[in-house]
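What follows is a single structure, written as structure tokens, with notes after it.
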Amino acid sequence: MHRTRARLSDGRELVYYDESPGRVPVPDPRGLPPVEPVCEVRRDPLTGDHVTVTAHRNTRTFLPPPDQCPLCPGGPASEIPDDSYDVAVFENRFPSFDTRTPAVPPAVDGAEVFARFAGAGRCEVVCFTDDHDAAMTDLPVSRVRTVIDAWADRTAELSEIPTVRQVFAFENRGVEIGVTLHHPHGQIYAYPFVTPRTERVLAMASRNPGLFDDVLKAERAGTRVVLSGEHWTAYVPAAARWPVEVHLMPHRHVPDLAALDTAERDELAVLYRELLRRCDALYGAPLPYVAGWHQAPTGEGRDLVRLHLELFSIRRAPDKIKYLAGSESGMAAWINDVPPEAAAARLREVTAG
């Protein structure tokens with residue numbers, strides 16, 4: 001993997017990850033004005049959850065025609081000026097978090113119960129390929145491996161930002177999920193706080209520091225394993241929330257993608273692509289999904305959380321979507337219509353395309 005840094009015309013960073021050396025970046029000809037993000041985080045006094053307010057994101061690009069795709073190389077609206085690339089990563093033009101965001105008063109309306117602070121993190125877009133019509137499942141294993149290296153490199157770098165508390169790499173796929181660009185890509189959020197989901201995991205792991213070992217051992221001995229290798233196991237969790245949900249966990253306790261060794265990354269490239277292909281084969285069509293890498297916080301509790309992927313889909317049948325209605329959205333009390341054991345059996349039986 002060969003990394004080359006560049007700058008877009010508004011000062012945002014662009015990083016190329018190529019499988020061959022020798023890239024000389026093309027300058028961005030657009031002459032964009034500087035990005036002036038305003039990202040504010042407010043804390044819910046009843047639950048303790050953080051809520052981010054970013055009004056500027058309401059004007060972000062939404063499902064443009066292919067000739068106006070900002071992720072295709074060298075186009076008139078492109079964020080990537082070169083005429084080709086392997087993997088490219090750039091700062092989001094419409095970030096939820098940004099280190100350049102101005103400071104805000106420490107309380108909403110001056111009331112201490114409504115705490116708030118600047119959303120001083122970072123958001124990046126990860127382009128998996130320059131082919132607009134491809135998907136992660138179409139890429140050769142070598143390219144998936146380059147994507148993994150890019151995720152790991154960005155995780156390491158973003159974790160060094162003083163205000164960042166957690167780094168989350170993820171892919172939203174499908175209009176049903178809510179994607180705003182069709183080009184195959186993912187995102188990375190470097191949060192200025194530890195996310196609510198991870199806070200709950202930390203609370204459980206603090207009672208049992210061997211929690212991830214216990215879970216993996218029990219899942220590997222059970223009936224919900226989908227794929228397994230020397231270094232990784234993919235399984236449908238016993239308490240799956242979604243009709244399609246798979247976790248992919250390393251056998252070694254590592255905090256994040258940057259900590260994976262060469263053998264673990266090599267096997268991950270093979271198993272991850274196979275898992276995505278099996279997901280697409282479930283209903284004979286591309287599956288809408290969210291695939292997110294849960295990584296340990298950068299500070300306190302880092303030793304308690306093990307890196308793992310959580311992939312889920314809202315599709316519960318070929319023509320049916322799982323909507324988050326009253327119980328899930330209102331009370332965070334999940335109801336799953338598909339038994340996890342049945343979902344795992346189907347994923348084992350399907351033939352990946």
Side-chain angles (χ1 to χ4, degrees), residues 136-137 141 144 148 151 168-171 173 177 186 197-198 200-202 204-205 208-257 259-261 263-283 287-296 304-317 322 328 334-353:
M136 182 74 85
T137 51
V141 169
V144 179
I148 293 167
W151 283 335
F168 181 53
F170 62 98
E171 179 191 3
R173 190 225 202 174
I177 292 293
R197 177 67 182 272
T198 303
R200 290 193 285 273
V201 172
L202 284 170
M204 298 299 290
N208 173 15
L211 178 62
F212 282 89
D213 275 330
D214 291 347
V215 168
L216 183 59
K217 180 179 179 181
E219 290 289 5
R220 282 172 59 83
T223 61
R224 292 173 300 277
V225 171
V226 177
L227 294 168
S228 188
E230 181 182 355
H231 304 288
W232 296 85
T233 295
Y235 59 89
V236 177
R241 294 168 171 80
W242 301 90
V244 180
E245 180 176 346
V246 185
H247 295 188
L248 180 58
M249 188 176 291
H251 299 168
R252 186 168 66 97
H253 191 92
V254 294
D256 56 23
L257 289 156
L260 295 175
D261 62 28
E264 289 164 335
R265 296 186 191 196
D266 287 344
E267 185 175 272
L268 175 58
V270 175
L271 290 184
Y272 184 47
R273 190 183 69 165
E274 172 68 13
L275 175 60
L276 295 182
R277 288 181 170 184
R278 285 174 181 258
C279 287
D280 279 356
L282 274 177
Y283 300 114
L287 187 75
Y289 64 73
V290 175
W293 286 100
H294 292 242
Q295 307 191 90
L304 294 175
V305 176
R306 180 178 300 194
L307 165 74
H308 63 285
L309 175 83
E310 296 190 9
L311 181 152
F312 65 85
S313 177
I314 59 176
R315 189 170 298 287
R316 60 185 177 89
K322 163 71 174 180
E328 292 90 354
W334 289 80
I335 300 169
N336 187 357
D337 303 324
V338 179
E341 293 74 19
R346 287 200 62 206
L347 284 166
R348 283 194 302 269
E349 292 164 2
V350 294
T351 301

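Just so you know, residue 1 is the first one in the sequence shown, and it goes up from there. As a basis for the values below, the full set of heavy atoms in this structure was taken, side chains included, without hydrogen atoms, waters or symmetry mates.
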Between His231 and Leu260, is a side chain to side chain contact (heavy atoms under 4.5 Å, CB included) present by the stated rule, with each step listed? CA-CA 10 Å; His231 304 288; Leu260 295 175; over 6 Å; no
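- Side-chain atoms of Leu248 and Leu268, non-hydrogen and from C-beta on, do get closer than 4.5 Å to each other.
- A cation-pi contact links Arg346 to Tyr283, judged by a cut-off of 6.0 Å to the six-membered ring centre and 45° from its axis.
- One distance of note links CH2 of Trp232 with CZ of Arg265; it measures 10.0 Å at 0.5 Å rounding.
- Atom CH2 of residue Trp242 and atom CD of residue Glu310 lie 11.5 Å apart, to the nearest 0.5 angstrom.
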Decide side chain to side chain contact (heavy atoms under 4.5 Å, CB included) for Val270 and Asp266; before the verdict, give the C-alpha distance in whole Å, the side-chain angles of both, and the deciding distance to 0.1 Å. CA-CA 7 Å; Val270 175; Asp266 287 344; over 6 Å; no
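- With hydrogens and angles ignored, the 3.5 Å screen pairs a side-chain donor or acceptor of Arg173 with a backbone N or O of Leu287.
- Proximity of a side-chain donor or acceptor of Arg316 to a complementary backbone N or O of Pro243 within less than 3.5 Å is not detected.
- With a 4.5 Å cut-off on side-chain heavy atoms, Leu271 and Leu275 do not count as touching.
- Not a single donor-acceptor pair under 3.5 Å links the side chain of Glu245 to the backbone N or O of Ala240.
- Judged by distance alone, with hydrogens and angles left aside, the side-chain atoms of Glu264 form no donor-acceptor pair with the main-chain N or O of Pro250 at under 3.5 Å.
- Residue Arg315 holds its CZ atom at 10.5 Å from CG of Leu282, rounded to the nearest 0.5 Å.
- For the atom pair NE2 (His294) and CG (Leu309), the distance works out to 7.5 Å, reported to the nearest 0.5 Å.
- Under the 3.5 Å distance criterion, the side-chain polar atoms of Arg220 are left unmatched by any main-chain donor or acceptor of Val225.
- Under the 3.5 Å distance criterion, the side-chain polar atoms of Arg224 are left unmatched by any main-chain donor or acceptor of Tyr235.
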Verdict with reasoning, Gln295 to Leu307, per side chain to side chain contact (heavy atoms under 4.5 Å, CB included): CA-CA 5 Å; Gln295 307 191 90; Leu307 165 74; 3.8 Å; yes
Going through the distances and angles, do Thr233 and His251 end up as a side chain to side chain donor-acceptor pair (under 3.5 Å)? CA-CA 7 Å; Thr233 295; His251 299 168; 2.7 Å; yes
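- Using a 4.5 Å heavy-atom cutoff, the side chains of Ile148 and Val144 are in contact.
- Here the side chain of Arg273 pairs no donor or acceptor atom with the backbone of Met136 at under 3.5 angstrom.
- Between Val350 and Arg277, every side-chain heavy-atom pair lies at or beyond the 4.5 Å cut-off.
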